Amino acid sequence: MIKIAPSILSADFSKLGEEIKCLDKCGADLIHIDVMDGSFVPNISFGVPIIKSIRRFTKLTFDVHLMIQEPARYAENFVEAGADIITVHFEADKHLDRTVNYIKSLGVKVAVALNPATLVDNIKYLIPYLDMVLIMSVNPGFGGQKYIEYCSEKIKEVKNLSDKYNKDLMIEVDGGISKYNIGSVVENGANVIVAGSAVFKDGNVKDNIKKLREGV
Ligand code: DX5
Ligand code: ZN
C-alpha cells in the first residue's frame, strides 16, 4: 500500500487550518511539512509555532522534512510541536549517526533525506536503524520543479538496500511527482509519495489525490 503525503508548501498559508482539515477529509495519508532555514536551502518557509498551531486540525501523521543546518539543535522543539516523523538531510549534519539515535530517543520516527546528487551508499550502514529514507527528486527549496530522471535509479538502489537490511523501511520520494510519473516512481520501489503542486493545483484536492492514486 502506498501512502500519499501532500506537501503543505503548496497550500494557501492564509487558511492553513482549513487546508489541513481538507487534506484530512480528502484522502491524504500523511501531512508533509517542509521546514526551510534560508541557509541549507535558498528559501525560508515556516517553523515550530506554525506546526504547533496546525496540530489540532488533524490526527494524521506529521511528516516533518527539515531542510535546516544541524537539525539536531531543533529536533526536540519539533517533537513537542507535534512531529511524528522527523527527516534530516545527510548533507546538513556532520554526525548523522548520533542525530539519528538522538531523534529516536525522542520517541518519534526518523528519516534521512538525500539531495539529488548525493550517493545512496552514504547511508548504507544506517539503513537498519532508519524508519524511512527520503529521496529528493528535485533540488530542495521550492515546490513546482521538474522531476530529475536519474533519481529513479536511486529509488531502486534504496529499495535493494531495504530488501537486504530493513524490510520495513519506508521509501519516500519528494519533488516533481504528478499523476503522470507516480506509476514509475512506485514501480521503482517508493511507497510514500510527496506531492505539493500536484495535490493543490486548481484547488481540487480530493480529485487530485484520487488521480495520483489512479496513476499507480
Ligand atoms: C521541496 C520540498 C517538496 C516540495 C514538493 O524542497 O521538499 O516537498 O514541496 O513540491 P512539488 O510536488 O510541487 O514538487
Ligand atoms: Zn519535502
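Just so it is clear, the structure is predicted and the values come from calculations on it, not from any experiment. Counting convention: from 1, in listed order, for ligands and their atoms alike.
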Any salt bridge between Lys3 and Asp63, counting N to O under 4.0 Å? no
In Asp34, the N/O/S atom nearest the Zn ion (ligand 2) carries the name OD1
Would you mind checking if Glu214 and Lys211 are paired as a salt bridge, meaning a charged N to carboxylate O distance below 4.0 Å? no
Are any of the N or O atoms of Gly196 closer than 3.5 Å to those of ligand 1? yes
Taking only heavy atoms of His32 into account, list the atoms of ligand 1 that are under 4.0 Å away from them. 8 (O)
For residues Phe46 and Phe13, establish whether the separation of their ring centroids is below 6.0 Å. yes
Show your working on side-chain hydrogen bond (donor to acceptor under 3.5 Å, both in side chains) between Ser45 and Asp34 and close with a plain yes or no. CA-CA 7 Å; Ser45 56; Asp34 289 306; over 6 Å; no
Working to 10°, measure the angle at the Zn ion (ligand 2) formed by atom OD2 of Asp174 and atom ND1 of His65. 100°
For Ser7, which part has a heavy atom under 4.0 Å from ligand 1: side chain, backbone, both, or neither? side chain
Any luck finding a side-chain donor-acceptor pair between Thr58 and Asp24 under 3.5 Å? yes
Please tell me whether Leu134 and Leu96 are part of a single hydrophobic cluster in this structure, the criterion being side-chain heavy atoms less than 4.5 Å apart. no
Answer yes or no: is there an ion pair linking Asp207 with Lys201, defined by an N-O contact shorter than 4.0 Å? no
Go through ligand 1 atom by atom and flag the ones less than 4.0 Å from a non-hydrogen atom of Met67. 6 (O), 7 (O)
List the closest protein heavy-atom neighbour of atom 13 (O) of ligand 1: residue, atom name, distance to the nearest 0.1 Å. Ser197 OG, 2.5 Å
Stepwise side chain to side chain contact (heavy atoms under 4.5 Å, CB included) check, Tyr74 with Val48: CA-CA 9 Å; Tyr74 294 102; Val48 171; 5.6 Å; no
Can you check whether Thr118's main-chain N or O pairs, donor with acceptor, with Lys154's side chain at less than 3.5 Å? yes
Protein heavy atom at shortest distance from atom 1 (C) of ligand 1: Phe142 O, 3.5 Å
Mind checking whether Ala198 has a heavy atom under 4.0 Å from ligand 1? no
Just jot down the ligand 1 atoms closer than 4.0 angstrom to any heavy atom of Val194, in number order. 8 (O)
Can you report which non-hydrogen protein atom sits closest to atom 14 (O) of ligand 1, along with the distance? Gly176 N, 2.8 Å
Has ligand 1 got any nitrogen or oxygen that is less than 3.5 angstrom from a nitrogen or oxygen of Gly144? yes
List every atom of ligand 1 that sits less than 4.0 Å from any heavy atom of Leu9, numbering the atoms from 1 in the order shown and giving each element. 9 (O)
Expected output: side-chain Thr87 to main-chain His65 donor-acceptor under 3.5 Å: no
Which of the numbered atoms in ligand 1 are under 4.0 angstrom from any heavy atom belonging to His65? 7 (O)
Would you say Asp34 has any N or O atom under 3.5 Å from an N or O of ligand 1, going by distance alone? yes
Kindly indicate, with the supporting measurements, whether the criterion side chain to side chain contact (heavy atoms under 4.5 Å, CB included) is fulfilled by Val64 and His32. CA-CA 6 Å; Val64 177; His32 185 81; over 6 Å; no
List every atom of ligand 1 that sits less than 4.0 Å from any heavy atom of Asp174, numbering the atoms from 1 in the order shown and giving each element. 2 (C), 3 (C), 4 (C), 5 (C), 7 (O), 8 (O)
Please indicate whether any nitrogen or oxygen in Gly141 is less than 3.5 Å from any nitrogen or oxygen in ligand 1. yes
At what distance is the nearest protein heavy atom to atom 10 (O) of ligand 1, and which residue and atom is it? Gly143 CA, 3.5 Å
Below 4.0 angstrom from a heavy atom of Gly175, which ligand 1 atoms are there? Numbered from 1 as shown, please. 14 (O)
Test item: Ser137 side-chain N/O and Tyr147 main-chain N/O as donor-acceptor pair under 3.5 Å: no
Is the number of heavy atoms from other residues, nucleotides or ligands under 6.0 Å of Phe142 CZ greater than 12? yes
Give the numbers and elements of all ligand 1 atoms closer than 4.0 Å to a heavy atom of Met136. 7 (O)
Can you find an N/O atom of Ser10 closer than 3.5 Å to an N/O atom of ligand 1? no
